[in-house]
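Notes to accompany the following structure.
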Amino acid sequence: MAGILDFAPAIVLLPFVSFLVALSVGDRLPKGGAYAGIAATAGSLILSVATVLTVAGGQTYDATIYTWAEGLDAVDLTFGVLIDPLSAMMLLIVTLIAFLVHVFSLGYMNDEGETGLPRYYAGLGLFTASMLGFVVADNLLMAFMFFELVGLCSYLLIGFHFREPGPPSAAKKAFLVTRFGDYFFLVGVVAVFATFGTAAFAGEGSFPALAEAALNGEASVTTFGLDPQTWFTIVGLLVLGGVIGKSAQFPLHTWLPDAMEGPTPVSALIHAATMVAAGVYLVARMYGFYALSPTALAIIAFIGGFTALFAATMGVVKREIKQVLAYSTISQYGYMMLGLGGGGYVAATFHLMTHAFFKALLFLGAGSVIIAMHHNENMWDMGGLKDKMPVTYYTFLAGSLALAGIFPFAGFWSKDEVLYETLIHGLGGSPLLLGAYAMGLLAVFFTGFYTFRMVFLTFHGNPRSQTARDPHGVRWNVKGPLVVLGVLATVAGVVNMVPIEKLFGIGGIDFLHQWLDGSFEGLTAHHYADLIPYSSSYIGSEATTVAVGAALSLGLALAGSGLAYLLYNVPEPVRHTDRLGRIKGLLYNNYYQDEYQVWLANGVTRPVARAANKFDGGVVDGVVNGVSGVSLFAGGRVRRIQTGVVSNYAALLTLGLTALLLAFGILGGWFV
């Protein structure tokens, strides 16, 4: 009898079927095809739960589904499904969030009299299917294809309200900025094939296994004359270009705040489980390869630490509730990159999971507030919503406590472990990691501040507008997903309570480590934890390291939250950020990154392109056109003697023969 893992492709196909249904007959279905999407994602969720339980029993699945090209220089191009602990966990996260977003959309989209609902639900279905296909991909080329399809879906959904001026522009920006990073990713895919002859993620013949064998001197691969370690670092950084774009890391982060032009449920899906999560998941999926290059990991960690701090500083001055959450997302994915680069593969994956729960909760909670405020997103027009929206408030508060990293909510456990892993590897001899850790630690303070500034401005104090005094009610299909996610944001940390284990020596409570640690058990000689010692002896016992790190992190989170409490938990809050003067302008305008990119395009790229065009037209095309001009001129002259009249040809032959005889006669006289 077929096992449950044999039905894994159905997890991807069910949302794709809902896409086809909504696209073809959605205008003739109730709610624009919403129920088809809910049923499909519910089916995928049930299969994902069964998959997790099966993988927990020790089973995995790696099978080629379709071969679409073979024998290309001994390289086969295939579609396959890889189900292991990492992909099983991610399947559960994506299907759960997608299901809740579909349910929430019943209250957010349908109750607001939106048009184009079949197009909306078709987009959600394709978006979900694309991300699930990316999650189960068993090779890098297949992952790249679904990676691009995820980007296309984000473009379609961000620009859903295409008749308004903002959404189409935001959609194009998201598409183009992420495509810039994907160019490097594509080159990286080609480099992987050229180096290893395969792009498989797992197995003895996978490119991570071949890379390790090459470093151990057990295999020979193409490195184009470079040292294998150097070449593998270059390949890893090329793929990282796509990661930086999709996961909105500096400097390709500018598309994400503008993506808030899309419907709020779409924002929840993008930020928590699909588009932005795709980049971090790719690094986790390829961690067996990245773990062979300490240089690549140090760069990943530094980018992550810098992005975490950089984005957090911008969140403290924003007025719109979704804008605060957008910069929060950039910052939190910076923490995940910090964890991956800092040698904390499990810690980063843990934060990916907890963030999916509390960020989806916060975006959907913001959507509930936006419904109540008749789509006004300005927090300065809110206030006093705590008593009028108790379910939204208390679930939103749970998500905020998790985001700020307050004990014992989910974000505390995962963020603390990310910082802990980075610290101990940095103390092992990497100044770059220590710098990244310091930036990540400082970002904790700003996170606590902007998070509770948002909470107090939105829910506390007196109502600051007529809409806030008489908000619109929300229905069960809005409240239900909030309650589910609120519970998860509160208790999900129990799956990996590493600080408790380290402090008190309690075994068996680091379930996620037990779940994921075996994923890269073959990596020994060149694993990051061996190259940079995994030890806390530099500042004392392991328990001391955990205690000091956790105290610093929690203390900064409480300090930031406490400052927000003092400044904004008042009946009539004051715009304290105005005191920052020009600094506020700098932060509010996002360090003028958009203006800088426009200047770069107009002031540098366009003149260079014009000069290149003139060189191409004047020199390259000039030479080619000159050669063709000579040929055309000569051909035109020679063509005149091709009259088709036989007597003319006879006369020309006679003249030619006479000329030859005269020439030979003259030459013969000279030689005599």
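Treat the numbers as computed from the prediction; the structure is a model and nothing was measured. Hydrogens, waters and symmetry mates play no part in the numbers below; they use all other heavy atoms, side chains included.
When side chains are defined from C-beta on, Ile330 does not count as touching Met314, because their heavy atoms never get closer than 4.5 Å. Phe302 has its side chain out of reach of Leu338: every pair of non-hydrogen atoms, C-beta onward, lies at least 4.5 Å apart.
Annotation for Pro294 and Gln229: closest pair CD-NE2, 3.9 Å, computed over non-hydrogen atoms.
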* **Evaluation steps, side chain to side chain contact (heavy atoms under 4.5 Å, CB included), between Thr349 and Met90** => CA-CA 9 Å; Thr349 309; Met90 195 65 185; over 6 Å; no
* Asked: Would Tyr333 and Leu352 count as a side chain to side chain contact (heavy atoms under 4.5 Å, CB included) if you check the C-alpha gap in whole Å, the side-chain angles of each, and the deciding distance to 0.1 Å?
  -> CA-CA 8 Å; Tyr333 278 97; Leu352 177 62; 4.0 Å; yes
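Neither side chain, Asn589 nor Lys584, offers a donor N or O lying under 3.5 Å from an acceptor on the other. Thr195 and Trp231 share a side-chain donor-acceptor pair at under 3.5 Å. For the residue pair Thr264 / Tyr108, a side-chain donor-acceptor distance below 3.5 Å is found, with atom types taken as modelled. With hydrogens and angles left out, the side-chain atoms of Thr313 and Tyr591 include a donor and acceptor closer than 3.5 Å. With no hydrogens or angles considered, a side-chain donor-acceptor pair links Tyr120 and Ser105 at under 3.5 Å.
With hydrogens and angles ignored, the 3.5 Å screen pairs a side-chain donor or acceptor of Asn139 with a backbone N or O of Met142. For the pair Ser293 (side chain) and Phe289 (backbone), a donor-acceptor distance under 3.5 Å is absent. At distances below 3.5 Å, not a single donor-acceptor pair connects side-chain atoms of Ser169 with backbone N or O atoms of Pro165. For Glu377 (side chain) and Gln323 (main-chain N/O), no donor-acceptor pair under 3.5 Å exists by modelled atom type. No donor-acceptor pair under 3.5 Å is formed between the side chain of Arg319 and the backbone N or O of Met379. Formation of a donor-acceptor pair under 3.5 Å by the Lys359 side chain with backbone atoms of His271 is not found in this model. Although no hydrogens or angles enter the test, the distance criterion places a donor-acceptor pair under 3.5 Å between the side chain of Trp255 and the main chain of Gly245. Remark: the backbone N or O of Gly151 is paired with a side-chain donor or acceptor of Ser154 at under 3.5 angstrom.
Taking a 6.0 Å sphere around CZ of Phe224, one finds it holds more than 12 heavy atoms contributed by other residues, nucleotides or ligands. No more than 12 heavy atoms of other residues, nucleotides or ligands sit less than 6.0 Å from atom CZ of Phe180. Other residues, nucleotides and ligands contribute over 12 non-hydrogen atoms within 6.0 Å of the CG atom of Leu152.
For Tyr437 and His425, the distance between ring centers is not under 6.0 angstrom. The six-membered or imidazole ring of Phe175 lies near that of Tyr155, with a centre-to-centre distance under 6.0 Å. Aromatic rings of Phe310 and Phe306 (six-membered ring for Trp) have centroids within the 6.0 Å cut-off, being under it. Ring to ring, Tyr450 and Phe445 are not that close: their centroids are 6.0 angstrom or more apart.
Here CD of Glu595 is found 12.0 Å from CG of Asn602. Values are rounded to the nearest 0.5 Å. The CE atom of Met145 lies 11.5 Å from the OG atom of Ser130; values are rounded to the nearest 0.5 Å. In this structure, NZ on Lys322 lies 8.0 Å from CD on Glu261, to the nearest 0.5 angstrom.
Between Trp68 and Phe79, the ring planes lie tilted relative to each other; the angle falls in the 30° to 60° range. By the 30° and 60° cut-offs, the orientation of the rings of His253 relative to Phe250 is parallel.
Paired with Tyr345 under the rule ring pair (Phe, Tyr, Trp, His ring centres under 6.0 Å), one option of Tyr281, Tyr287, Tyr290 passes, and it is Tyr287.
Checked for salt-bridge contact, Asp182 and Arg179 meet the test: a charged N lies under 4.0 Å from a carboxylate O.
Judged by the 6.0 Å distance and 45° axis criteria, Lys246 is positioned over the aromatic ring of Phe147.
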